Amino acid sequence: MSQLAFLLDIAVVLLLALTLPMAWRLDRMLRALRADREALASGADGLADATREADAVLTRLRAATEQADRQFGERLKAAGLAQDDLRYLLERAETIADRLEAAVQAGRPLAASPAAPGTPAPRSEAERELLRALGRVA
């Protein structure tokens, strides 16, 4: 029996000798895993911080967008009112211009003989100024 015990002791020593390198390798892997876990945890914390900052930026961006939208709406409304005013003034100016043109035509002295077809009728200084002013408006 002592021989059997001796053989079993030798077998256990051999198995332990084979297990020792595997245990060292497993220990190195576990240390690397722990280091990676710590890096992963710090990365997750950094990601959480970045997410909070992004949320804060998005909130500020939404507020700025809403304010810009309100300002744009107000300016658009003011531009619409100005457009209506300008349209009204243009209609009035056209009416006044038509009346002035009619008055100039009625006030122009009639020539005794009709002018030649290719020559323009003589114009007064007031009529030339009126036509220049109307040319700027049109």
Side-chain angles (χ1 to χ4, degrees):
M1 258 276 290
S2 76
Q3 250 181 351
L4 183 62
F6 182 69
L7 288 176
L8 284 177
D9 286 342
I10 290 177
V12 168
V13 168
L14 285 175
L15 288 175
L16 284 175
L18 291 174
T19 307
L20 192 60
M22 287 184 199
W24 284 333
R25 188 180 309 158
L26 181 61
D27 182 54
R28 277 187 279 142
M29 288 181 179
L30 287 173
R31 285 182 192 180
L33 183 62
R34 284 185 196 117
D36 289 345
R37 184 178 64 191
E38 290 170 5
L40 182 63
S42 68
D45 290 341
L47 182 61
D49 292 341
T51 302
R52 281 190 293 275
E53 289 176 22
D55 284 341
V57 167
L58 283 175
T59 302
R60 289 193 305 263
L61 184 60
R62 264 191 215 106
T65 302
E66 289 172 2
Q67 181 182 5
D69 187 40
R70 281 192 304 272
Q71 289 176 348
F72 180 71
E74 291 169 1
R75 288 183 181 178
L76 190 61
K77 184 178 178 181
L81 295 174
Q83 180 184 13
D84 293 341
D85 290 344
L86 289 173
R87 187 175 292 128
Y88 172 74
L89 290 173
L90 181 62
E91 289 172 2
R92 294 277 316 254
E94 287 175 354
T95 304
I96 291 171
D98 289 343
R99 278 197 260 156
L100 282 173
E101 185 178 358
V104 167
Q105 292 294 333
R108 182 182 299 150
L110 298 174
S113 63
T119 60
R123 298 181 184 216
S124 69
E125 182 63 30
E127 186 177 1
R128 284 192 296 264
E129 286 180 29
L130 177 65
L131 288 174
R132 277 190 296 246
L134 288 175
R136 284 188 213 135
V137 171

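All values below were derived from every heavy atom in this structure, side-chain atoms included, with hydrogens, water molecules and symmetry-related copies excluded. Fair warning: this is a prediction, and the values are worked out from it, not measured in the lab.
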So, taking the atom named [atom1] in [X] and the one named [atom2] in [Y], what distance separates them when rounded to the nearest 0.5 Å?
X    : Y    : atom1 : atom2 : value
I96  : E101 : CD1   : CD    : 14.0 Å
E66  : L61  : CD    : CG    : 10.0 Å
L14  : T19  : CG    : OG1   : 10.5 Å
L58  : T65  : CG    : OG1   : 10.0 Å
T95  : L100 : OG1   : CG    : 11.0 Å
E127 : Q105 : CD    : CD    : 6.5 Å

Hey, is K77 close enough to E74 for a salt bridge, meaning N to O under 4.0 Å?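 Judged by the 4.0 Å cut-off on N to carboxylate O distance, K77 and E74 do not form a salt bridge.
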State whether E53 and R60 are salt-bridged, where the test is any N-O pair (Lys NZ or Arg NE/NH1/NH2 against Asp/Glu carboxylate O) under 4.0 Å.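 Salt bridge absent between E53 and R60.
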Not counting sequence neighbours, list each pair that qualifies as a salt bridge (charged side-chain N to carboxylate O under 4.0 Å, His left out) and has a residue in residues 87-96.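 Pairs touching residues 87-96 that pass the test: D84-R87.
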